[in-house]
J.: 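The structure that follows is given in the form of structure tokens.
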2 protein chains.
Amino acid sequence: MKKMGPVPADPVSTDQVTALRRFNRYFTRRIGALDDHYLGQDRPLGEARLLFEIGGKGASLRDLRARLGLDAGYLSRMVRALQTQGLVHVSVHPGDSRLRVAGLTAAGEAEIREQNRLADALAEGLLGGLDARRRAELTTALDTAHRLLRLAAITVETVDGASPDARACLDAYAADIDARFPEGFDPATLVRPEEVSGEAGAFLVAYEEGRPVGCGALRRLGPRAGEIRHVWVDPGARRLGLGRRLLDGLEQRAVERRFTVVRLDTHAVLTEAQEMYRACGYTEIPRYDDNVYAAHWFEKRLPAAR
Amino acid sequence: MKKMGPVPADPVSTDQVTALRRFNRYFTRRIGALDDHYLGQDRPLGEARLLFEIGGKGASLRDLRARLGLDAGYLSRMVRALQTQGLVHVSVHPGDSRLRVAGLTAAGEAEIREQNRLADALAEGLLGGLDARRRAELTTALDTAHRLLRLAAITVETVDGASPDARACLDAYAADIDARFPEGFDPATLVRPEEVSGEAGAFLVAYEEGRPVGCGALRRLGPRAGEIRHVWVDPGARRLGLGRRLLDGLEQRAVERRFTVVRLDTHAVLTEAQEMYRACGYTEIPRYDDNVYAAHWFEKRLPAAR
DNA sequence: CTTTTCCTTTGACTAAAGTCAAGGAACAGC
DNA sequence: GCTGTTCCTTGACTTTAGTCAAAGGAAAAG
């Protein structure tokens, strides 16, 4: 086999940087500004944002502080202001009486509805300037941009298999497939943390704005063989190409461990996953394990470590 | 000929509104915020924006006030602040000594350069999260969105042919084609205002954010025939589909005047224009006028007024 | 049953952003 | 040359946004 050349350089072209900045400038000035100014109405922006963030479901002050990045004192006062305006009500958290939960009153909900109506009208007016074909084109372009910007912001990191983020992902994964497998899923068959740490394997978590939204595990099957397991992507982060990123990351970790091959299995119902594996260079092989949930087995030969 | 049905309704779907709002929310939060916060550095945002707006070419305080929408007093003080920091210099306008013109000092320019460097680095970091293929896809999507958002914001209005905006467009048009025609162009052959007003004809100007960026004239050729002339789009607003919008608008005005046909001519070098006319349903006809600049003549039959 | 940590409130600030009105200099139209 | 308008500056505010530290009640850790 021919030795591969160095990985081709992948520099960001200045044209692309310019395009992003140009768009950014235009968009924030024309659209963002509109939104904020018109929507704020006669309410200070901070309050409007807070009201919006509390939203229909309500939220604890602690969450609001984290989400909006506000100072505790500042938030406390703003909530009080909204409260005296009759827009929110505040109560003690049932489980932990240190926390306070804010929720919208009827008046607060009416205000949110009105804000939404205004924003919709604004967006509609903007879109109304285009004919149906162009409008569809714009919508597609915005969706594509949204998807790719999100993907660009997601980072994949190696974490300890016992870390809370890893466990959270595995729990979500287990719940997810328990719902999808006709026979359910027994969480006891998940990898153990020691299987995916150090030289034995690896555990990857994908983070979007600090929140774990995907994971994947690599464990040793033999001296030169690894197994990829539990590749999972949060429903809210699907169709971004994240599964592929996780798979790539796991293969890279496998190469680092001098594995020459990685295998994996999938359940019969996970057809999209099977398609992804095929598209990523995996070929179907005979059963190699006794996983009761598996119906298809794949493997991929890996290049040697550089 | 079969009578045409009513123009199909062209409502904006809620999905499209949602997509725009979703993108807007995501983008302003993730990208816009980044930009502003990081770029402001240790300088208040107002000052940073002002510095940027003054830019390389400098600007009068009056312009700055209009562009940034600031109070006169507020601006005056901010400029003074930048001046004492050695970032801008202020001088009296040569033509009108009521006006003051602000320009960047060397230090001011250095700061702008640094801001640009930071913004570029930020954009580059963001794009770096994607592979080359996806990056190209994102760039295309952003360009498309930018183009369509601009187009959506452009309004086409009927104005008096003698108005300053109309004259400005015609002057720009004349200068434009004077440069493109090998034999030059004599502005005396432009339409006269009385030819394009009232029942005789119409003059349309396209506005982008208040600035005229395109025009088109319709004048009467005979009892049932009109002529379209001077369809022009500012170089900065080309490739948006604006020419077509102007043409549509002029045809609509022609229908309102019960013209059954519109004609137009074009110069040999204006090949894109010829293509547009063909694409819009115009067919080439023999010479119908004695315009010395014309090499191709077109016409289009119009539907009856509703 | 302490000690520590967490969550919120309150008081006391500051900086930024913006508003309003008075007034002076310069210009434009008559 | 007079009058009204435009452009800028200045003084005197207000609101918004945010910071910091002290303190108290509640939960978690030891």
Side-chain angles (χ1 to χ4, degrees), chain A residues 28-29 32-33 35-54 58-85 87-103 164, chain B residues 28-29 32-33 35-54 58-85 87-103 164:
Chain A
T28 48
R29 190 169 50 82
D35 234 55
D36 277 2
H37 278 77
Y38 281 75
L39 259 60
Q41 294 277 75
D42 48 352
R43 186 173 306 294
L45 233 95
E47 282 184 21
R49 272 203 292 257
L50 178 54
L51 205 60
F52 221 93
E53 200 67 37
I54 292 171
S60 70
L61 296 199
R62 189 240 244 130
D63 283 359
L64 291 170
R65 227 169 52 224
R67 289 215 292 261
L68 293 168
L70 296 175
D71 173 81
Y74 186 28
L75 176 66
S76 178
R77 260 179 278 259
M78 263 206 295
V79 168
R80 152 117 358 156
L82 289 177
Q83 204 178 358
T84 59
Q85 289 170 70
L87 299 170
V88 306
H89 54 79
V90 179
S91 54
V92 175
H93 189 281
D96 181 344
S97 28
R98 287 172 304 180
L99 276 90
R100 225 129 282 208
V101 234
Chain B
T28 48
R29 190 169 49 80
D35 234 55
D36 277 3
H37 278 77
Y38 280 74
L39 259 59
Q41 295 276 74
D42 47 351
R43 187 173 306 293
L45 234 95
E47 282 184 22
R49 273 205 291 259
L50 178 54
L51 205 61
F52 220 93
E53 201 66 38
I54 292 171
S60 69
L61 295 201
R62 189 240 246 130
D63 283 359
L64 292 170
R65 228 169 48 224
R67 289 213 292 262
L68 294 169
L70 295 174
D71 173 82
Y74 186 27
L75 176 66
S76 178
R77 260 178 277 258
M78 264 207 293
V79 168
R80 152 118 356 157
L82 289 177
Q83 204 178 358
T84 59
Q85 288 171 70
L87 298 171
V88 308
H89 53 78
V90 179
S91 53
V92 174
H93 190 280
D96 182 343
S97 28
R98 286 172 306 179
L99 275 85
R100 227 129 279 211
V101 220

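First the proteins, then the strands, lettered A, B, ... as listed; each starts at 1.
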J.: Given A/Leu99 and A/Asp63, is the side chain to side chain contact (heavy atoms under 4.5 Å, CB included) satisfied, shown in steps?
T.: CA-CA 10 Å; A/Leu99 276 90; A/Asp63 283 359; over 6 Å; no
J.: Going from OG on A/Ser91 to CZ on A/Arg100, what distance comes out if it is rounded to the nearest 0.5 angstrom?
T.: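 Between A/Ser91 OG and A/Arg100 CZ, I get 9.0 Å after rounding to 0.5 Å.
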J.: Any side-chain to backbone donor/acceptor pair from B/Arg67 onto B/Glu53? Under 3.5 Å, distance only.
T.: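 Side chain of B/Arg67 to backbone of B/Glu53: a pair is present.
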J.: Let's go through A/Leu82 and A/Gln85 carefully: what are the C-alpha distance in whole Å and the side-chain angles of both, what is the deciding distance for side chain to side chain contact (heavy atoms under 4.5 Å, CB included) to 0.1 Å, and is it a yes or a no?
T.: CA-CA 5 Å; A/Leu82 289 177; A/Gln85 289 170 70; 4.3 Å; yes
J.: Separation of B/Leu70 atom CG from C/dA16 atom C1', in whole Å?
T.: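 Value for this atom pair: 13 Å.
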J.: Let's go through B/Arg43 and B/Leu87 carefully: what are the C-alpha distance in whole Å and the side-chain angles of both, what is the deciding distance for side chain to side chain contact (heavy atoms under 4.5 Å, CB included) to 0.1 Å, and is it a yes or a no?
T.: CA-CA 12 Å; B/Arg43 187 173 306 293; B/Leu87 298 171; 3.5 Å; yes
J.: Under the side chain to side chain contact (heavy atoms under 4.5 Å, CB included) criterion, do A/Leu70 and A/Met78 qualify, and how do the steps go?
T.: CA-CA 10 Å; A/Leu70 296 175; A/Met78 263 206 295; 3.7 Å; yes
J.: So which protein nitrogen or oxygen atoms get under 3.5 Å of nucleotides 4-10 of chain C's nitrogens or oxygens?
T.:
from   : atom 1 : to       : atom 2 : distance (Å)
C/dC6  : O4'    : A/Arg98  : NH1    : 3.3
C/dC7  : OP1    : A/Arg62  : NE     : 2.7
C/dC7  : OP1    : A/Arg62  : NH2    : 2.7
C/dT8  : OP1    : A/Arg62  : N      : 3.4
C/dT8  : OP1    : A/Arg100 : N      : 3.2
C/dT8  : OP2    : A/Arg62  : N      : 3.1
C/dT8  : OP2    : A/Arg65  : NH1    : 2.8
C/dT9  : OP2    : A/Ser76  : OG     : 2.9
C/dT9  : O5'    : A/Ser76  : OG     : 3.3
C/dT10 : OP2    : A/Arg80  : NH1    : 3.4
C/dT10 : OP2    : A/Arg80  : NH2    : 3.4

J.: Taking CZ from B/Arg43 and P from C/dA17, how many angstroms apart are they, rounded to a whole number?
T.: 12 Å
J.: Grab the CG-C1' distance between B/Leu45 and C/dA17 for me, whole Å please.
T.: 11 Å
J.: Tell me the interatomic distance from B/Glu47, atom CD, to C/dA15, atom P, rounded to whole angstroms.
T.: 13 Å
J.: May I have the distance from B/Gln83 (atom CD) to D/dC8 (atom P), rounded to whole angstrom?
T.: 14 Å
J.: Rounded off to whole Å, could you give me the NE2-to-C1' distance for the B/His93 and D/dC7 pair?
T.: 12 Å
